[in-house]
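First listed ligand is number 1; within each ligand, the first listed atom is number 1.
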Amino acid sequence: MPVDFHTHTARCGHAGGETRAYVEAALRAGLSEIAITDHLFLYDRPADRRDPRFAMREEELPGYVDEVRSLRDEFAGRIEVRLGIEADYFEGHEGTLGEILGRYDWDVVLGSVHWVDGDWVDFSAERMESGDPAALWGEYWRLLEKACATGLFDVMTHFDLPKKFGHHPPAELADARERAVLAAAAADLAVEVSSAGLRKPVGEIYPGPELLRLLVHYGVPLTLSSDAHAPAEVGWGYDRLRRALALAGVERVAGFSKRRRHLRLLGDPGEEANSPLEPPLL
Ligand code: ZN
Ligand code: FE
Ligand code: FE
Ligand code: ZN
């Protein structure tokens, strides 16, 4: 009875659809739990420098929380709707994030490293193509390791995100990658297995097969996610995720309530209907 622990709302400026439609899509897909985890406002910079294409505005946070709570009540008994948030890790701003997270009773807090060396690592292929991919990857692994150790997050998202445009992690940085995995294990947090990478130029699940084996080897709990930015993407690609997990010998995935982790058996494949052959266009 799987879960989708990473979905967005129209507030973030690059997702579409009614939030209720995400929950309805999860119901149709036969999921047991859906976490709504929209992008937290960009708390590391002054309000007038927060690009509205990347995250909700600060003043939208209370309305967001209210909407997810009311959906949770409305759908009670049919599907568990979890109150989540996807928070960027901004090095040096850990205290601010801790203060913001303390304002609400989250079910789950996702930690994401999108901001690497002063810019987004996943916005375009340009940085990898015109810069030094090994340096960017090295800085990414360092930040990811540090983010894991903050204790601020329950789940780390898209663990090998910089591969998005097809630039795979350099083999010579295997140690840095392993340190990030060890930090996740030490922090007792979960890592998502996400179909989002299948919809991107890299065409591969986050994390890739080798990294997934490493996470399993160190006993890191895993959760499932689509990173849906449209209702049609909820539970999308789960047949592929199930196959990857079966190959890695994983039988249980994590869900969260009030920031406490529980495990669910993966169950039979073919339960979810919401996996069209082609990714929906957005
Ligand atoms: Zn997004
Ligand atoms: Fe993200
Ligand atoms: Fe996301
Ligand atoms: Zn994301």
Closest N/O/S atom of Glu86 to the Fe ion (ligand 3), by atom name?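 Relative to the Fe ion (ligand 3), the closest nitrogen, oxygen or sulfur of Glu86 carries the name OE1.
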
Is the distance from the Fe ion (ligand 3) to the nearest N/O/S atom of His158 under 2.8 Å?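 Checking His158: none of its N, O or S atoms is under 2.8 Å.
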
So, 2.8 Å as the limit: is an N/O/S atom of His114 located closer than that to the Fe ion (ligand 2)? yes

Angle at the Zn ion (ligand 1): provide the value between NE2 of His39 and NE2 of His14, rounding to 10 degrees.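 Angle NE2(His39)-the Zn ion (ligand 1)-NE2(His14): 100°, rounded to 10°.
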
Below 2.8 Å, can you find an N, O or S atom of Cys12 next to the Zn ion (ligand 1)?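 Coordinating: no.
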
Counting backbone and side chain alike, does His8 bring an N/O/S atom below 2.8 Å of the Zn ion (ligand 1)? no

Looking only at the side chains, is there a donor atom on one of [X] and [Y] sitting less than 3.5 Å from an acceptor on the other?
X      : Y      : value
Tyr89  : Glu94  : yes
Glu86  : Thr37  : no
Thr9   : Thr19  : no
His168 : Glu210 : no
His217 : Glu178 : no

Quick check for you: with the Fe ion (ligand 3) as the vertex, what angle do NE2 of His6 and OD1 of Asp227 span, to 10°? 80°

Between Asp107 and Arg259, is the closest basic N to carboxylate O distance under 4.0 Å? no

